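What follows is a short report on a single structure.
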Amino acid sequence: MKFADLHLHTQFSDGTFTPEELVLRAQNSGLACIALTDHDSVEGCGRAAAACAAVKMEFISGAELTAEHDDTEVHILGYFLDTQNQVLLERIARFQSVRQSRIREMVAALNRLGLPLRAESVFALANCKSPGRPHVARALVKEKLIASLDEAFERYLKKGRPAWVPKTKMSALESVELIHQSGGLAVMAHPGLNRTDEIIPALVDAGLDGIECFHTKHSTVMAERYLEIAEKYRLLVTGGSDCHGFSKNKPLIGTVKLPYEHVEKLFAAKKSDDEKRRAAGK
Ligand SMILES: [Zn+2]
Ligand SMILES: [Zn+2]
């Protein structure tokens, strides 16, 4: 039996592994295919693709876009993205700059609460263009301003806590469109985590291609529920661990094993999409 893990993060967003370390771990977990899905970034894809090619592992270049629909945050995974697509790169750059401003705002809020953290320390630790809350949490722990990552989120960074800052997001429909124009397939990430079932029909109307049924934080019951939804709307089925290395907890890569039949359907959908695009002369 062959398996895949299609939801992984590296140092190019808030994961702790380099693309090469990630591929090595994937190999040790016996995975036959991985997808890299850093937050609002495709920067690690080139290196991950090369590392996969060297060990004959299948690779899908991707990203996880933070979006919203009716004031609900929703993450949209893009698979098979053309990582050189100029429109995609421009849009990503804009959302990376939103992320950087948000870090400054969170740090300012922490300063007002008496925690002497500097935004520069967060950026130095993040060392990537897509910094996020886990980097703020890690910087707080590193500078001994707080005891643990959990405490950083519980006391300050979680939604509703005093240093939480809302994030300007692209609309979910826009993100589906952006993924499509970059040659990719759009998949709704961990629907069970955001409790966003009511927006699925609108996303399907916008051209959503798939849904992440298997995820670290989905129970078996949840996975079954989303498999039914996938069947109802004829959506592709994906799954992944959402591994962030040591950033959030222990490395999760390989703990969610997506059966290969779903990977094959994903590759087939990409192929038929490409054929349609070629026939339409695009
Ligand atoms: Zn997510
Ligand atoms: Zn993720």
Side-chain angles (χ1 to χ4, degrees), residues 4-17 19 21-22 25-26 31 34-45 48 59-69 72-79 81 92 95-96 98-99 102 126 128-138 149 153 157-159 164 166-172 175-176 178-179 184-197 199-200 203 208 210-219 222-223 226 238-258:
D5 186 337
L6 302 183
H7 191 151
L8 300 163
H9 297 271
T10 66
Q11 287 176 356
F12 286 97
S13 64
D14 53 358
T16 59
F17 296 140
E21 284 165 346
L22 188 75
R25 295 233 174 203
L31 295 167
I34 61 164
L36 181 56
T37 55
D38 272 315
H39 296 285
D40 299 331
S41 174
V42 290
E43 231 185 325
C45 287
F59 177 72
I60 299 173
S61 55
E64 180 174 21
L65 304 179
T66 307
E68 69 184 341
H69 187 79
T72 308
E73 178 163 324
V74 50
H75 293 180
I76 306 289
L77 296 160
Y79 290 121
L81 295 172
I92 278 180
F95 282 95
Q96 287 173 341
V98 166
R99 283 174 168 275
R102 186 180 183 226
C128 75
K129 292 175 190 157
S130 274
R133 282 183 300 169
H135 294 123
V136 178
R138 277 163 60 196
L149 299 175
F153 273 90
L157 302 173
K158 244 173 71 169
K159 185 169 183 179
W164 178 76
K167 184 161 58 179
T168 317
K169 306 174 197 84
M170 75 177 99
S171 87
S175 70
V176 170
L178 178 64
I179 290 166
L185 296 172
V187 172
M188 188 180 191
H190 46 64
L193 210 70
N194 303 62
R195 296 173 203 280
T196 45
D197 292 9
I199 73 168
I200 294 174
L203 293 181
L208 187 75
I211 188 161
E212 189 175 51
C213 297
F214 305 101
H215 182 272
T216 306
K217 292 195 173 160
H218 280 183
S219 63
M222 266 186 205
Y226 292 114
T238 73
S241 64
D242 211 351
C243 177
H244 284 74
F246 292 101
S247 175
K248 286 188 177 169
N249 32 36
K250 60 181 191 322
L252 296 169
I253 182 167
T255 55
V256 171
K257 287 186 157 71
L258 181 72

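All heavy atoms count here, side chains included; hydrogens, waters and symmetry mates do not. We count ligands from 1, going down the list as the structure has it; atoms in each ligand are counted the same way. What you see is a predicted model, and the numbers here were worked out from it, not measured in a lab. Quick note: residue numbers are just sequence positions, from 1.
Contact of the H39 side chain with the F95 side chain is not registered, since no non-hydrogen atoms from C-beta on lie closer than 4.5 Å. Residues H218 and P191 form a side-chain contact, since some pair of their non-hydrogen atoms from C-beta on lies under 4.5 Å apart.
Listed here is the closest heavy atom pair of T255 and S241: OG1-CB, 3.7 Å.
Note: angle at the Zn ion (ligand 2), from NE2 of H7 to OD1 of D242, is 80° (rounded to 10 degrees). Taking the Zn ion (ligand 1) as the corner point, the angle from H75 atom ND1 to E64 atom OE2 is about 90° (rounded to 10 degrees).
H9 lies close to the Zn ion (ligand 2), since one of its N, O or S atoms is found at a distance under 2.8 Å.
Proximity of a side-chain donor or acceptor of H7 to a complementary backbone N or O of T37 within less than 3.5 Å is not detected.
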